[in-house]
Amino acid sequence: MLWVLALFLHVAAIFLLLGAEFLAAVQVIVYAGAILVFYLFFLMLLDFPREEAGPRFGAHWPLAVAAGLAFAAFAWFIRGPGSGPTAARAAERLSPRNLSAVGIALFSQFGLPFEIASLILLAAMVGAIVVARRKTEP
Amino acid sequence: MVPVSACLELSAVLFGIGLVGFLGRRNIILMLVSVEIMLNAVNLSLAAFSYRLQDLQGQVLALFVITVAAAEAAVGLGLVIALYRNRPGVSVEDLTQLRW
């Protein structure tokens, strides 16, 4: 889990390099702060005595490695000279006013998806409670 | 200046790592963590495209992906709790009740 935390923080740093400050903050807060702690809570609640003894990978792991390598081979196709942002578009829409620009886009152009995202979060909250609830006899 | 192709390469490799973890692991919680890694790779490539085109839509889409990832973690771990209540252990190879 510590390596996943390191991965999330590094991705957040890359978001910062790409000029997405708000996305980096959300990455640290939501991924490293909320989701990972959620997973750690579950790993603490359920103890797995025989998970540590068994093999870590299933019997079909060569197939999985082949699929992963096939996807990672995309990296070979897109390698090449690095290209920065196109100069044609105005650069002031991104950093340093990234937060206000994202907020304005989120509440004007993407208003309906924003509301749907809140609905998804509500449905996930209710669904998680209903699924994980202990069955009580009526 | 950040080369965008490097970010895309990192994204592809990260997605491959997540795919290996999801397909090859036996522990269902680590499979869910691998899904998070794959979603993170997609977020990275969205941010890279947003930077390349100087367009904010990629970042907004990445925010929605993060929302869906949070929802997926909540529901997935709730399902793990329900599974664990019925049968201890989280190995996916034991879950063969739905097999035809």
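Just so we're clear, the structure is a prediction, and the values are computed from it rather than from any experiment. Lettering of chains follows the sequences in order, A, B, ..., and the numbering in each one begins at 1.
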Next on the checklist: Is B:Ile17 in contact with chain A via its backbone, its side chain, both, or neither, using a 4.5 Å heavy-atom distance?
Outcome noted: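 Neither part; nothing is under 4.5 Å.
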Item to check | B:Ala69, part contacting chain A, at a heavy-atom distance under 4.5 Å | outcome: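 Answer is both: backbone and side chain atoms of B:Ala69 are under 4.5 Å from chain A.
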Checklist entry - Among B:Val68, B:Leu61, B:Thr67, which residue forms the greatest number of heavy-atom pairs with chain A at distances under 4.5 Å? => result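 Going by pairs under 4.5 Å, I would pick B:Thr67.
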With the side chain counted from C-beta on, respond yes when [X] and [Y] share a heavy-atom pair under 4.5 Å apart, and no when they do not.
| X | Y | result |
| --- | --- | --- |
| B:Glu36 | A:Val4 | no |
| B:Ile66 | A:Leu23 | yes |
| A:Leu16 | A:Glu21 | yes |
| A:Gln109 | B:Val60 | no |
| B:Phe22 | B:Ile37 | no |

With a 4.5 angstrom heavy-atom cut-off, which part of [X] approaches chain B: side chain, backbone, both or neither?
| X | answer |
| --- | --- |
| A:Leu17 | both |
| A:Phe22 | side chain |
| A:Phe15 | side chain |
| A:Ala34 | neither |

Next on the checklist: Give me the atom names and distance for the closest heavy-atom approach of A:Ala32 to A:Val37.
Outcome noted: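 Nearest pair, atom of A:Ala32 first, then A:Val37: O-CG2, 4.3 Å.
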Item to check | Minimum heavy-atom distance A:Ile14-B:Leu10, with the two atoms named | outcome: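 Closest pair (atom of A:Ile14, atom of B:Leu10, distance): CD1-CD2, 3.3 Å.
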Checklist entry - In Å, rounded to the nearest 0.5 Å, how long is the span from CG of B:Leu32 to CG of B:Leu77? => result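 Going from the CG atom of B:Leu32 to the CG atom of B:Leu77 covers 5.5 Å.
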Checklist entry - Are A:Leu9 and A:Leu2 grouped together when hydrophobic residues (ILVMFWY) are joined by side-chain heavy atoms under 4.5 angstrom apart? => result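 Yes; tracing contacts between hydrophobic side chains, which count when under 4.5 Å, links both residues.
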Checklist entry - Is any residue of residues 65-72 of chain A within less than 4.5 Å of chain B by heavy atoms, and which ones? => result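 Expected list: A:Val65, A:Ala67, A:Gly68, A:Phe71, A:Ala72.
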